[in-house]
Amino acid sequence: MHVVVVPAAPDRVQVLDVDDDDAVVAKVELDTADLPGLVNAREAAVDAPAPRWVWPDTATWYPALLAAQVAVARCWDLRLCHAILRASALTARTTFASVPPSAWDQPRTQTDSDRLFDLDPPVRLDPLEELRRQRRALAAAAGPGGESESGRLGLLLAAESAGALVAAEMTHSGVPWDAAEHDRILAAVLGKRPVPGYRPALLEAKLTQLRAALGVGDFNPDSPGELLKALRLAGLPATSTRSWELREIDHPAIAPLLEYKKLSRLLTANGWHWLDTWVAGGRFRPVYVPGGVVTGRWASDGGGALQLPHQVRGAVRADPGWTLVVADAAQLEPRILAAMSGDLAMARAGQATDMYEGMVAAGAVETREQAKYGMLGAMYGGTQGESGRMLPRMIKAYPQALALVEHAARAGERGEVVSTWLGRSSPRPGDDWRLAQSEASDEGATGVEQERARSLARGWGRFTRNFIVQGTAAEWALCWMALLRLRLRDLTPGGDVTAGPHLAFFLHDEVMVHTPVHLAEQVAEIVRECATEAGRLLFGPAGGGGVEFQVSVAVVDSYAEAK
DNA sequence: CACGGCTGCCAC
DNA sequence: AAACGTGGCAGCCGTG
């Protein structure tokens, strides 16, 4: 049963039961404040299957339910699903794709919940009508040969919506964060917390050392321009202030400079200011943005959840009596490529615990490093260095897999759309790109224009090449989390997600579960089972030629101990 | 003074 | 090993 939540008036909401034929079979209206009670009752009902809650936006509706200790099993996030269905090549021939943009195409903003009725003109979203449109589009989903693709696209919509639930629940739960430990980490490398406006002692000392080694006194090391001038004044052949370039220069000032940069980065990105801003009550609560990346990966909005440096991961500590189960999908993208291309030789390597070692064992390459850079090059479109050197061997050993990414690259170079395994499609290149291509094909085009157009085309080809693999990996990760979330719910009585084992953090191919200690081994096993199950969900019982989606699982008190 | 582009570095 | 995919974010710096 689908249950549609319709904003009816300020502080009022309608709840509609909708059957499989899109007919409304029951309808109630109530104060929004009473919604958690109703949702809780419907979720707890033992005589009826759990509803799928249909709402315009999980990020708008779900946090209030969670705050009232009400969790739902399933939802349909209309805004996220709308975005997928509008762009997917599988629905390109439906009216859903061709009608002009509407309010459903607007990106969500943080103030949506406040402004939905305050906008001028007021925006009235009709979730029931939108659900009907989306179901029609989904039913009409078809591949290039006209074959129905409702199954895989439906899986994508379900996974995307489950991801939205996970994201809201993780923001609600937060990452267990030991602020005192974070302060100790900072003090150990930077010195004690300084008064505002001053550098910490060890950072200042490093700067003094740098100035002495350069013999240049008065410059701001945080200004790339001033720093470069100082380096050149001291006779260093630097052309930029990038660390990887500076590392090549042999000069006594380089070591203290690199150390200064490292410390300065820690201070500005994850120092005391970050701690004050983002950690409260022993929890780090980043805002996740499901579907925020074109490929389907999540983005984040504030807190830098996608770039939590290893330096501070020691501050992520389980509560007393609890522990962390940290799981990482091993060589996820290469395994995804093997499964989606149907390349049986690569799939065989993908049965190994370490896929790169599997490639070495099969004789495709000599070392694990060669396998790794060869695969990265294949998926990113690398042409230089080790990646470029490995390319012929990759093509020879895994022709079918390499043909798939090569095909995606060529399509991108022509400005065409490519799609992931479940049917999320890439955006089209922008107007600038198209203009550059058409100008370069004009008769009077200069060599410079043609080279620029070719360069842009190759760049877009690298994007589409990577899109199909990164995007399908994101789909696998969504399925992994969606399955895991439902299994963890079974271990937690009631609607309070933090009362039992729960997802606490997610990063592309890695999940963290915060769990009571006595359930840790059970959770670890569930995490492994869900990884296998996610592979079957996407690629069928045979799992894309037998690829095994291996995960490394660590049960640790601190995130720093994982991996 | 606000804002956006740029640089550089963090994560996967 | 090299500068090849996706992002976020802090600070600098020029512009209006």
Side-chain angles (χ1 to χ4, degrees), chain A residues 219-229 238-248 257-258 260-271 273-274 277-278 286-313 328-334 336-337 367-391 405 408-409 412 418 420 424 426-427 455 458-474 476-477 505-511 559 563:
Chain A
F219 66 94
N220 176 5
D222 303 319
S223 160
E226 285 190 41
L227 176 58
L228 187 60
K229 230 186 289 176
T239 61
S240 81
T241 61
R242 296 182 185 93
S243 293
W244 64 266
E245 187 190 321
L246 297 175
R247 247 186 288 278
E248 303 305 311
L257 174 53
L258 294 176
Y260 176 88
K261 279 170 160 283
K262 186 85 181 160
L263 294 178
S264 174
R265 164 80 191 185
L266 175 63
L267 174 66
T268 55
N270 294 95
H273 179 70
W274 180 91
T277 308
W278 291 102
V287 176
Y288 302 93
V289 186
V293 179
V294 278
T295 57
R297 276 185 172 182
W298 291 7
S300 78
D301 182 12
L306 270 50
Q307 42 187 135
L308 210 57
H310 289 97
Q311 270 175 307
V312 301
R313 292 187 179 186
D328 174 287
Q331 303 92 41
L332 178 58
E333 293 191 357
I336 289 290
L337 175 57
T367 67
R368 188 180 187 280
E369 291 295 280
Q370 288 180 342
K372 181 177 172 182
Y373 292 119
M375 284 305 302
L376 288 178
M379 294 183 299
Y380 291 162
T383 55
Q384 306 282 305
E386 185 76 338
S387 286
R389 278 194 293 280
M390 286 304 116
L391 196 56
V405 285
V418 298
T420 60
R424 191 189 306 262
S426 64
S455 168
R458 281 194 300 269
W460 198 259
R462 285 192 298 274
F463 163 58
T464 51
R465 170 195 296 269
N466 186 249
F467 181 94
I468 60 168
V469 181
Q470 186 184 117
T472 304
W476 179 90
F505 190 57
F506 167 64
L507 192 54
H508 306 317
D509 61 358
E510 187 179 333
V511 298
Y559 193 15
K563 210 164 54 160

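Below, chains carry the letters A, B, ... as their sequence lines are ordered, and counting in each starts from 1.
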What is the distance, rounded to the nearest whole Å, between atom [atom1] of [X] and atom [atom2] of [N]?
X        : N     : atom1 : atom2 : answer
A:Arg297 : C:dG5 : CZ    : P     : 13 Å
A:Tyr380 : C:dA1 : OH    : P     : 17 Å
A:His508 : C:dG7 : NE2   : C1'   : 7 Å
A:Trp278 : C:dG8 : CH2   : C1'   : 11 Å
A:Met375 : C:dA2 : CE    : P     : 20 Å
A:Phe506 : C:dG8 : CZ    : C1'   : 16 Å
A:Tyr288 : C:dG8 : OH    : C1'   : 14 Å

At under 4.0 Å between heavy atoms, what does [X] touch on the DNA or RNA strands: base, sugar-phosphate, or nothing?
X        : result
A:Arg313 : sugar-phosphate
A:Ser223 : sugar-phosphate
A:Val294 : sugar-phosphate
A:Trp298 : nothing
A:Tyr373 : base
A:Asn270 : nothing
A:Arg242 : sugar-phosphate
A:Gly388 : nothing
A:Gly381 : base
A:Gln470 : base

Positional range of nucleotides in DNA chain B within the contact set of chain A, heavy-atom, under 4.0 Å: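 Listed 5' to 3', the contact boundaries are B:dG8 to B:dC12.
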Consecutive-pair stems (3 or more, Watson-Crick or G-U, under 3.5 Å) for DNA chain C: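 So far as stems of 3 or more pairs are concerned, DNA chain C shows B:1-12 with C:5-16.
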Using the closest heavy atom to pick a nucleotide of DNA chain C for each, name whichever of A:Leu267 or A:Gly292 lands nearer the 5' end.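 Comparing both residues, the 5'-ward one is A:Gly292.
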On DNA chain C, does the nearest nucleotide to A:Glu386 precede the nearest nucleotide to A:Arg462 from the 5' side, or the other way round? Give the residue.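 The 5'-side residue here is A:Glu386.
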May I ask you to verify if any side-chain N or O of A:Thr268 is less than 4.0 angstrom from the OP1 or OP2 atom of C:dC9?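 For C:dC9, neither OP1 nor OP2 has a side-chain N or O of A:Thr268 closer than 4.0 Å.
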Regarding A:Arg389 and A:Glu369, does a basic nitrogen lie under 4.0 Å from an acidic carboxylate oxygen?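 Salt bridge absent between A:Arg389 and A:Glu369.
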